[in-house]
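What follows is a set of notes on a single structure, which appears directly below.
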Amino acid sequence: MRRCMTTTTNCRSHRRPPPAPVCLLTGALAALATHAPAQAQASAHYTLHATGTKATLGVIPLTVELRLEHPRADRTVFAIPVWTPGSYRLRDFPERITPLAATAGERQLQVERLRDDAWQVQHGAVPELTLRYRVDLHPSDRFMDPGETRRCITYEGPAVYLYVRGQTDLPCRIHFDLPDGWSAASGLEPTPDGGYAAPSYDVLADCPVKLGQFQQFTFTSHDAQIDAVLDCATELQFDAEKWTAGLKAIVDGGGDIFGGLPVRRYVFLYTLSRSGGGGGLEHLDCTAIGLPAGSFRANPASSYGVSAHEFFHCWNVKRLRPIELGPFRYDRPNRTTGLWLAEGVTSYYGSVLMARAGHTTSRQFWNSMANAITALENTPGRHHTSPEQASLRVWDKQPPDRTVDYYGAGEVLGLLLDLQIRHATRNQQSLDDAMRALWRSCEEQGRGLTAEEIAAVVSRTAGTDLTPFFDQHVSGTLVPDYARLLACAGLAYQRETTHEQVLRGVVTRTNAPPTFADQAAIERSGGGDPLGTCGRIRTIDGKEIKTAADIPPILAAADRPTLAVEFETPSGEVRTANAALEERQRGKVTLTPLDNADPLALAIAAGITSPKKM
């Protein structure tokens, strides 16, 4: 293992399109072509100025110079994304941009704001155009340590890089002007002049960047270089060799499924802070992960679970993807029905990789699957909204009791598909083979896959038509036959059920006052978030509510189907709405070994959690 403070060489190569066919021209056309001037290729060059910047500032202003060589038109429209791929919600990125100046040579140009996220520069025929602008980063940004002792700043590409509207195919380069002692860490490809390159804006924006002082550790897997960057307020003293060995086991397991890694270099960018915010976000050649510093210090292996999930995204969603997820539109939501696969099946494989790496036991794996089924079947919305519909509507404000978590639903679906494939092929094929086939289809066709294509590839792997399963449980809301399917792995399915009364829209959490969301108002708005529909509960049926313990006696004594809920909105307004009283089932799922499990079932169970033999 090698420890250093700077990034190391990235020798990743990107796929290039095949050469254009050679056309035979007539003598006259050939003569004309000989004298025609060559069209210079347009390209974008960014310089990010951070000299004088302090990581400990509140709002951190950065100045960016975007030099556009050989503009394709007489005017250029620059735009900033309104979302980050992988994080399906609108962001405030346009509010953070302040254009400073536009020049063509020595000529000053006017910058016109067309709308919140776009600016236009009229420049005529020029060989080069430069736009200078300021972007503000915030301590609360994802993967930024919010503490005042942070040593790094971290940003997502879409928050910082303007793009030329309609020309996200432009090759891009970036240079960093950094304070003394700072380094840059990113999955971007280094260039000989000290900068970094990307074949398009999509790749540039996809790579988050960490600037400052950090620790870095390197190992290899499947002939690829893996860098693990640790950003913490203080230098960490721990058994780095043991930790990276455990991380390598996860990476090895992912490569074993797909026959190698699709990159020559991959980077884990960890932010360790007191709050531990950020979770994880996948990228083409890297991932950004936020972790509690205290937990990591106490047990570095606590980082493995989220690392396994995010690393599997190296294939699933970044390369193997629903057709709607690329090329991206950065000016509007990109909707897809496929997040149950992109995120949910990735959650399943996160658990699989942990088991195959030896970080969890087989028993722990099956307990986690039981917990996933329990959570899904205890979700009221699973009977109203399918995993596909939940994926499609993720951009909208949905009533919590009328939707389903596509992470959890997809995790269960991944398990059930794996069991069916293995059982139908007598354990000769698995979901591993289906995922590999889906990935190859995307690579060969240079595009994502439709929902119908995904179901067809999985069915082909199983050697039997699984379309009814997709119709009923992916597109539909039917409850699977868990007992029959889990018996394929030699497991008995048991669910103990209890009944409880709830008031629709009331949310209770540990150590927090009960809150209310007027679900009827949200539904009337078509999924929006109208002002005054949510807030802290003051009374239910006229009785004061201080804690969650005050609610059950009121519900038990209710003699009518709706109760009045008085709540205080975030603006301080007190409102009243009627909420429906509902009875819901809650269950606890357990999975235990069958006494009479046959050898095939035992082999299927072992095949899921055992390291894959290549």
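Predicted model only: the values in this text are computed from it and were never measured. Basis for what follows: all heavy atoms, side chains included, without hydrogens, waters or symmetry-related copies.
Put simply, the side chain of Gln215 gets close to the backbone of Leu236: a donor and an acceptor are under 3.5 Å apart. Of the possible donor and acceptor atoms, one in the side chain of Ser303 sits under 3.5 Å from a partner among the backbone N and O of Pro300. In this structure, the side chain of Asn378 engages the main chain of Gly587 through a donor-acceptor pair within 3.5 Å.
Within the 4.5 Å cutoff, the side chain of Thr379 has no heavy atoms near those of the Asp405 side chain. Counting heavy atoms from C-beta on, the side chains of Leu419 and Arg422 never come closer than 4.5 Å. In this structure, Ser87 and Arg142 have side chains that are in contact, with non-hydrogen atoms separated by less than 4.5 Å. Counting heavy atoms from C-beta outward, Thr149 and Thr56 have side chains that stay 4.5 Å or more apart. Contact annotation: the side chain of Asp206 approaches that of Lys318 to within less than 4.5 Å [non-hydrogen atoms, C-beta and beyond]. Here the side chains of Arg356 and Ser610 are not in contact, with every heavy-atom distance at 4.5 Å or above. In this structure, Leu230 and Gln216 have side chains that are not in contact, with every pair of non-hydrogen atoms separated by 4.5 Å or more. Contact check for Gln389 versus Thr337: no side-chain heavy atoms found under the 4.5 Å cut-off.
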- Task: Take Leu353 and Tyr304, measure what side chain to side chain contact (heavy atoms under 4.5 Å, CB included) needs, and give me the verdict at the end.
- Result: CA-CA 10 Å; Leu353 290 181; Tyr304 291 157; over 6 Å; no

- Between Phe93 and Thr84, does a side chain to side chain contact (heavy atoms under 4.5 Å, CB included) hold up when you go through it step by step? CA-CA 10 Å; Phe93 299 154; Thr84 294; 3.4 Å; yes

- Task: Just do the side-chain hydrogen bond (donor to acceptor under 3.5 Å, both in side chains) check on Glu324 and Thr336 with the steps written out, would you?
- Result: CA-CA 6 Å; Glu324 301 88 355; Thr336 178; 2.8 Å; yes

- Apply side chain to side chain contact (heavy atoms under 4.5 Å, CB included) to His309 and Tyr407, showing your working. CA-CA 11 Å; His309 176 102; Tyr407 280 84; 4.2 Å; yes

- Criterion salt bridge (Lys or Arg N to Asp or Glu O under 4.0 Å) on Lys248 and Glu241, from CA distance to verdict: CA-CA 10 Å; Lys248 172 177 165 57; Glu241 186 171 352; over 6 Å; no

- side chain to side chain contact (heavy atoms under 4.5 Å, CB included) evaluation trace for Leu247 with Phe219: CA-CA 9 Å; Leu247 192 58; Phe219 59 89; 4.0 Å; yes

- Message: Apply side-chain hydrogen bond (donor to acceptor under 3.5 Å, both in side chains) to residues Tyr88 and Asn334 and explain how you reach the verdict.
- Response: CA-CA 8 Å; Tyr88 304 101; Asn334 288 218; over 6 Å; no

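Classification of the Phe296-Phe238 ring pair by plane angle, with boundaries at 30° and 60°, yields perpendicular. A perpendicular orientation is assigned to the rings of Phe311 and Tyr266, their planes being inclined by more than 60° (bins at 30° and 60°).
The two residues Tyr161 and Val209 have their closest heavy-atom pair at OH-CG2, 3.7 Å. In terms of heavy-atom proximity, Ala293 sits nearest to Cys232 at CB-SG, 4.3 Å. In terms of heavy-atom proximity, Val474 sits nearest to Pro387 at O-CD, 3.4 Å. Residues Leu339 and Val394 come closest through the heavy atom pair CD1-CG1, 3.8 Å. Summarising the geometry of Met144 relative to Thr271, their closest heavy-atom pair is C-CG2, 4.3 Å, with the distance given to 0.1 Å. Here the closest heavy-atom approach between residue Pro208 and residue Ala288 is recorded as CG-CB, 4.3 Å.
A 6.0 Å sphere centred on CG of Asp595 holds no more than 12 heavy atoms belonging to other residues, nucleotides or ligands. Remark: Gln364 CD is packed, more than 12 non-hydrogen atoms of other residues, nucleotides or ligands lying under 6.0 Å away. Around CG of Asp223, the count of heavy atoms belonging to other residues, nucleotides or ligands within 6.0 Å does not exceed 12.
Side-chain N/O atoms of Arg297 and Ser302 include no donor and acceptor closer than 3.5 Å. The closest side-chain donor-acceptor pair between Asp433 and Thr461, if any, does not fall under 3.5 angstrom. In this structure, a donor-acceptor pair under 3.5 Å is absent between the side chains of Gln420 and Asp418.
Summarising the geometry, atom SG belonging to Cys488 is positioned 9.0 Å from atom CG belonging to Asp598; distances are rounded to the nearest 0.5 Å. The CG atom of Leu466 sits 6.5 Å away from atom CD1 of Ile421, with the distance rounded to the nearest 0.5 Å. With rounding to the nearest 0.5 Å, the separation of SG in Cys152 from CZ in Arg150 is 10.5 Å. Note that the OG atom of Ser307 and the NE2 atom of His359 stand 9.0 Å from one another [nearest 0.5 Å].
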Kindly list each side-chain donor-acceptor pair under 3.5 angstrom involving residues 367-376, sequence neighbours excluded, with atom names and distances?
residue	atom	partner	partner atom	Å
Asn367	OD1	Arg363	NE	3.4
Asn367	OD1	Arg363	NH2	3.4
Asn367	ND2	Arg363	O	3.4
Ser368	OG	Phe365	O	2.5
Asn371	ND2	Asn367	O	3.3
Thr374	OG1	Ala370	O	2.9
Thr374	OG1	Val589	N	2.9

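The pair Asp227-Arg265 meets the salt-bridge criterion, since a charged nitrogen lies less than 4.0 angstrom from a carboxylate oxygen. A salt bridge does not link Asp239 to Lys242: none of the charged nitrogens lies less than 4.0 Å from a carboxylate oxygen. Under the 4.0 Å criterion applied to side-chain N and carboxylate O atoms, Glu377 and Arg586 are not assigned as salt-bridge partners. Taking the charged nitrogens against the carboxylate oxygens, Glu189 and Arg264 have no contact shorter than 4.0 Å, which rules out a salt bridge.
Considering only residues two or more places apart in sequence or on other chains, His423 meets the ring-ring contact (aromatic ring centres under 6.0 Å, His included) condition with none of them. Every residue two or more places apart in sequence or in another chain was checked for a salt bridge (charged side-chain N to carboxylate O under 4.0 Å, His left out) with Asp202, and none qualifies. Scanning for ring-ring contact (aromatic ring centres under 6.0 Å, His included) contacts around Phe328 gives Trp83, with sequence neighbours left out. With sequence neighbours left out, the ring-ring contact (aromatic ring centres under 6.0 Å, His included) criterion links Tyr330 to Tyr163, Tyr201. Residues satisfying the salt bridge (charged side-chain N to carboxylate O under 4.0 Å, His left out) test with Asp141, not counting sequence neighbours, are Arg96.
Of the candidates Tyr348, Tyr482, Trp340, Val412 forms a side-chain contact (heavy atoms from CB on, under 4.5 Å) with just one, namely Tyr482. Considering Phe214, Phe217, Trp243 as possible partners of Tyr270, the one that fulfils the ring pair (Phe, Tyr, Trp, His ring centres under 6.0 Å) test is Trp243.
If you look at Tyr155 and Phe143, their ring centroids are not closer than 6.0 Å.
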